[in-house]
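Working notes for the structure below.
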Amino acid sequence: MINITLPDGSVRQYDKGISSMQIAQSISEGLARNVLAAEVDGQVWDASRPIEQDAHVKLLTWNDADGKSTFWHSSAHLMAEALEALYPGTKFGIGPAIETGFYYDVDFGDKVLSSDEFKQIEDKMIELAKTKEEYIRKPVSKADAIEYFTEKGDEYKLDLIKDLPDGAITFYSQGNFTDLCRGPHIPNTGFIKAVKLMSLAGAYWRGDETRKQLTRIYGVTFPKASELTEYLHMIEEAKKRDHRKLGKELELFAFSEKVGMGLPLWLPKGTALRERLVNFLQKAQVKAGYEQVITPHIGHKNLYVTSGHYEKYGADSFQPIKTPQEGEEFFLKPMNCPHHCEIYKTKPRSYKDLPVRFAEFGTVYRYEQSGELHGLTRVRGFTQDDAHLFCRPDQVKDEFKKVIDLVLYVFKALGFENYTAQVSLRDPENRAKYIGTDENWALAESAIIEAAAEKGLTTVVELGEAAFYGPKLDFMVKDALGRKWQLGTIQVDYNLPERFELEYTGSDNQKHRPVMIHRAPFGSMERFIAVLIEHCAGNFPLWLSPEQFIILPISEKYEEYAKKVSDILKDSDICGLIDFRDEKIGRKIRDAEVKKIPYMLVVGEKEAAEGLVSVRKHGTGDLGSMSIEDFKEQIIKEITV
Ligand SMILES: [Zn+2]
Ligand SMILES: [Zn+2]
């Protein structure tokens, strides 16, 4: 008998050689129907593989990331089987699971595959799936593996086998198709109920452009047809919400090749939006005891030698700017922390002065390869809503609690209701690789965990995910489409205080090192605004909208009255504009709806005579007419967050 420990800690006894699937069946048939694979002592295995000794077993289903990726990788094999049936002689490169779905790089010889053929490949996959072919694992010798693929004439598989040690090679077969693969796989093809091939791309074999370009086919599969429908709907919706598309349509930001790739230009409306976010956070930070600072966009090389950034990133970042006469070297600022350390050092600090909190909307520049750039989420210049807190070790927990409060306040104001926190701790097996004393690490780690618990956060704790210089807490936000984004970060740092020799005088009159905490609730303004645009589909909360109202005069005759209404609203800091175009009112309303302006105020004869506005709300419709004063009051109430 062997002992199997399940994730809840319970231990069950089974005969040696039991499979995870049989364990699932012994628990419940319903569970067994959903088991895709299993994690056995930390490794993902086929559910059918026999377990020969005591082990920790976690059964994996569609709800586990590893379950999904096993499902998708198995789907790549199914697609390959379908391709081989439809296009005999096809050669296969690699076919991994990716974040959503899978791909396979294949060589069709002279044939060029078109997406018109997707349907017949999908149909073939479903036909094969229905036969519930088992995925069968078979260890093979290197010689046998070479013989199989030599006979088949697949030079790509032979190229892969070449690098594998003899004794560690396995084949997986389902139906008539055999692949070189280390696995794992789902029990049989019958689990795959819905298939969609998404796109085609060219991919050089092994990423080497001197070698043959293969056809990469992307696909996605699901265990239920309804999940595919939902997924396709989500993709359509994501396209509509793409911040690059909406950013253009709503005139928020632009890029110019002349200015340089990855360097966003903020247009007036985008700037208005961004400024409001900045003011909002600044106000909250002042209340929370932060002090605003400003530092230059460049820093002397020595600053980064001290901070360690030069050694670590010097060669991979933007190259130095040199002065003509003195031969000094400056770097574009990749982060604000070193500058803030120097601000800390401008005067002696005592334990009574701590914590000090320096905040800066600091613009930083980091080199990214041009191919990696993406809208506002991957740029070369961006502004962090940065702050650095310098505190005593005993203050870490309190500071974390305060930052968590601030982050949650921001999320609430912006309509992000779905978030979790990830706490990244040291690898307990490998303590030597971290800087800072054991005592301080233990203190900071428990401070973060307790702070998160006291604030009621749903937390995942990841061992070994901490940076070498300190533990951290990251916020993961789910947007309206259920996509996950990593936003705010709170990071403890024992490294920079050491490198910059930061000190404070303790109550014992001795010198001590303060703890440094980096934090950014938005992360960066660029990335945050991108996420916000996609989350709210460009329908910003009223207080953030660059244009809160538009006045639509029915004809030229009411322009004077429109100006009067506009002035009254602007006096109360409500921003908007007047549509002076000589267009029909229906057209003006349609255009304002497209621009997603929250309030449309139609003014004509009746309104001008009685001091009224006819109010339409974007996405809601007609709200009827009301006095200018009543409208103003209502807006002010709505804007106050
Ligand atoms: Zn495989
Ligand atoms: Zn920092």
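Every number for a ligand or one of its atoms is a count from 1 in the order of the listing.
- A salt bridge does not link D66 with K58: none of the charged nitrogens is closer than 4.0 Å to a carboxylate oxygen.
- For the pair NE2 of H185 and NE2 of H73, the angle whose vertex sits at the Zn ion (ligand 1) is 110° to 10 degrees.
- Rounded to 10°, the angle formed at the Zn ion (ligand 1) by C181 SG and H77 NE2 is 130°.
- Under the 6.0 Å cut-off for aromatic ring centres, F191 and W62 do not qualify, their centroids lying 6.0 Å or more apart.
- Cation-pi check for R211 over Y204 is not met; the charged atom does not lie both under 6.0 angstrom from the ring centroid and within 45 degrees of its normal.
- With waters neither drawn nor counted, the protein N/O/S atoms under 2.8 Å from the Zn ion (ligand 2) amount to 3.
- Relative to the six-membered ring of Y504, R392 misses at least one condition, a distance below 6.0 Å or an angle of at most 45° to the axis.
- Salt-bridge annotation for R378 and E372: present, with a side-chain N of the basic residue lying under 4.0 Å from a carboxylate O of the acidic one.
- Applying the salt bridge (Lys or Arg N to Asp or Glu O under 4.0 Å) rule to pairs touching residues 466-475 yields K472-D474, sequence neighbours excluded.
- The aromatic rings of Y409 and F280 sit parallel to each other, their planes meeting at less than 30°, with 60° as the upper class boundary.
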